[in-house]
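First up is the structure itself, then whatever we jot down about it.
Note on naming: letters A, B, ... go to the chains in the order of the sequence lines (proteins, then strands), and numbering restarts at 1 for each one.
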Number of protein chains: 2
Amino acid sequence: MQEIDNQDVINNFITTSGYDGQFSFDPQQDTKLFHFAANDFIVKAGAPLTYLFYLVKGKAKLYDVLANGKVSLIDFFTPPCFIGEMELIEQRPETAFSMQAITDCWCLALPIRSLQKKLLADPIFLRQICLYFVHKNYRTVKTAGNNAAFPVAQRLASFILLTAHDGLYSEKHVQVAEYLGISYRHLLYVLAQFVKDGYLVKQQHHYKITNLDALTALAQDVNESTN
Amino acid sequence: MQEIDNQDVINNFITTSGYDGQFSFDPQQDTKLFHFAANDFIVKAGAPLTYLFYLVKGKAKLYDVLANGKVSLIDFFTPPCFIGEMELIEQRPETAFSMQAITDCWCLALPIRSLQKKLLADPIFLRQICLYFVHKNYRTVKTAGNNAAFPVAQRLASFILLTAHDGLYSEKHVQVAEYLGISYRHLLYVLAQFVKDGYLVKQQHHYKITNLDALTALAQDVNESTN
DNA sequence: CCTCAACTGTGAGATTTCTCATACTTATGA
DNA sequence: TCATAAGTATGAGAAATCTCACAGTTGAGG
């Protein structure tokens, strides 16, 4: 994680992302900008949360580490969205989950410690956060519906497109299987199908997308229904 | 839906449910109390929403009517919880979903039209609603995890216990199948298993629970993980 | 009373997905 | 350098779940 000190860049992100409309005060003074390289952690479970982040560019994923030590993928995030807002609202000092950058990510960041009281008393911010929760909730309901409603191949196609990076898919199978709610074995079956059908080609440590159209077509229903 | 005008009863519900802590003002003046008989609609999709409800007693269920006309069960609610808060936050005039009473329900109710502005500017209320959303979100994530993680028999057991009324289970199979994300056919298989195993007995228009312990044991893992 | 739609119920075969057993490879730490 | 853990990979049989085809029951409306 690397701070970017260029005020022009910061201001540009602030205005184009709708960030400045989230508060009743002008946040520019207190706002920093951070860059996270792909695979960096934006927040790590159990670590103290020092910033309220606002993702303005990139893709990120949210993990939960279960009691038995297993890692399970919860959800994916694209701009604009808050990160750490649940902990802020609950006034809990550390993060419950881990958020990791999939691609390079840029986040506006507001220091929590000095601003928490102000934020929790700011009706505009609270209302915006409420709206954010409502939409997130709709989305979760839809997604949950999808998981029940669509076969694995379609969801996997959607998943590959979501997480692929420069046409390369390289998620850990164990985690993906858990995210999709299927067994490791079956995931490999379906991936093998995709390879057999020419959608993917297996390479050293990843899969390369060789038929983007086919995957997109497969994923279409899932995505439509989620939007 | 029937208004209950007994101020003692109202006050009792207000104080025991934590309702009065949800606002920065004293809501007692504006609060009504309604009783809904089992199977009544508390809110109906598309109808104008005139009250923000706060369920203080009973069980209710939330439906979505899909584009193709099918009905799908989204979630279940037990006290204390808000009903209509998503629409209030979004300032959308009608309800998106339908909420129906499973057992007899009692709801405190605050007229929206006259109080919307006040509520949307009330930091305490907004913060409480935010907390409510956060918890609801945790719950949804857990539930979604469960649906992937547990076999149908266990989820069905949990579901039966949740919706049963006086030891009788009488949900529409079509809707339950959709809620559990399984086919109608398979639901009947599993129900038949339960009957064969002596957990349920089929009667005229419903099933009677004949082995509560067994069902509870089956549902235990699911419920534990959801709390 | 008749008809239609919705709900319930069952059988049989196909498909999806799981479990288990077993290896090979790679990274990591002692 | 060796041992161990984690990730990857595959086969085979079992279990879960789906699709389809068909039929009986019930309730509402003409």
Side-chain angles (χ1 to χ4, degrees), chain A residues 39 63 65-66 68-73 100 145-160 163 168-197 200-208 218 221-222, chain B residues 39 63 65-66 68-73 100 145-160 163 168-197 200-208 218 221-222:
Chain A
N39 301 318
Y63 284 102
V65 178
L66 305 177
N68 56 18
K70 283 190 178 174
V71 172
S72 111
L73 242 179
Q100 190 178 10
N146 288 346
N147 285 351
F150 292 101
V152 172
Q154 294 186 32
R155 290 190 289 136
L156 178 57
S158 169
F159 179 88
I160 289 172
T163 55
L168 300 180
Y169 168 77
S170 55
E171 297 296 315
K172 293 267 181 284
H173 293 160
V174 176
Q175 289 167 24
V176 178
E178 261 173 86
Y179 177 68
L180 294 178
I182 61 177
S183 69
Y184 179 88
R185 187 62 188 85
H186 192 58
L187 173 61
L188 287 228
Y189 266 139
V190 182
L191 279 173
Q193 297 273 47
F194 282 3
V195 171
K196 198 185 75 182
D197 295 343
L200 301 175
V201 165
K202 198 189 309 176
Q203 298 183 332
Q204 273 290 40
H205 293 290
H206 53 251
Y207 291 77
K208 181 176 178 187
L218 252 186
D221 287 349
V222 181
Chain B
N39 301 316
Y63 284 104
V65 178
L66 304 177
N68 56 18
K70 284 191 180 176
V71 172
S72 111
L73 241 179
Q100 190 178 12
N146 287 345
N147 285 351
F150 293 100
V152 172
Q154 292 185 35
R155 291 190 288 136
L156 178 58
S158 170
F159 179 88
I160 289 173
T163 55
L168 300 180
Y169 168 77
S170 55
E171 297 297 314
K172 293 267 183 283
H173 293 158
V174 176
Q175 289 169 22
V176 177
E178 260 172 87
Y179 177 69
L180 294 178
I182 61 177
S183 69
Y184 180 89
R185 187 65 190 84
H186 192 58
L187 172 61
L188 287 226
Y189 267 139
V190 182
L191 278 174
Q193 297 272 47
F194 282 4
V195 171
K196 199 186 77 183
D197 295 343
L200 301 175
V201 166
K202 198 191 308 176
Q203 298 183 333
Q204 272 291 38
H205 293 288
H206 52 253
Y207 290 77
K208 182 176 177 187
L218 252 185
D221 286 349
V222 181

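Comparing C:dT8, C:dG9, D:dA9 against the side chain of B:Y207 picks out C:dG9 as the nearest. Distances were taken from every side-chain heavy atom of B:I182 (C-beta onward) to each of D:dT8, D:dC18, C:dC7; the shortest belongs to D:dC18.
Looking at B:I160 and B:Y207, their side chains never come closer than 4.5 Å, going by heavy atoms from C-beta outward. Two residues are said to be in side-chain contact when any heavy atoms from C-beta on lie closer than 4.5 Å; B:Y169 and B:V176 meet this criterion. The shortest distance between side-chain heavy atoms of A:F159 and A:E171 falls below 4.5 Å. By the 4.5 Å heavy-atom criterion applied to side chains, B:L191 and B:L156 are counted as neighbours.
Between A:K172 and D:dA6 there is no side-chain polar atom (N or O) within less than 4.0 angstrom of OP1 or OP2.
The side-chain contact (heavy atoms from CB on, under 4.5 Å) search around B:A192 returns none, not counting sequence neighbours. Legend: residues meeting side chain to side chain donor-acceptor pair (under 3.5 Å) with A:H206, ordered by chain and number and at least two apart, are A:Q203.
Taking atom CD of B:E171 as the reference point, atom P of C:dT8 lies 10 Å away to the nearest angstrom. At whole-Å resolution of the value, CD in B:Q203 and P in C:dT8 are 16 Å apart. We find that CD of B:Q193 is positioned 13 Å from C1' of D:dT17, with the value rounded to whole Å. Summarising the geometry, the separation between CG on B:L188 and C1' on D:dT19 is reported as 14 Å, rounded to the nearest angstrom. Here the P atom of nucleotide C:dT25 and the NE2 atom of A:H206 are 20 Å apart, to the nearest Å. Taking atom CD of B:Q154 as the reference point, atom P of D:dT17 lies 11 Å away to the nearest angstrom. For B:Y184 and D:dT17, the OH to P distance is 17 Å, given to the nearest whole Å. Here C:dT19 presents its C1' atom at 16 Å from CG of A:L187, a figure rounded to the nearest Å.
Rounded to the nearest 0.5 Å, atoms OH (A:Y189) and CD1 (A:I182) are 12.5 Å apart.
Smallest separation of non-hydrogen atoms from A:A153 and A:L218: O-CD1, 4.2 Å. The two residues B:R155 and B:L180 come nearest to each other via the heavy atoms NH1-O, 3.1 Å.
Using a 4.0 Å heavy-atom distance criterion, A:H173 is classed as a sugar-phosphate-only contact.
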(request) Let me have a per-nucleotide readout for nucleotides 20-27 of chain D, 5' to 3', with B, S or -, counting only protein heavy atoms under 4.0 Å. (result) --------
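Each of B:A192 and A:H186 lies near DNA chain C, and the nucleotide nearest B:A192 is the one positioned closer to the 5' end.
With the end axes of the helix from C:dC1-D:dG30 to C:dA30-D:dT1 each set by five pairs, the angle from one to the other reads 40° at 10° resolution.
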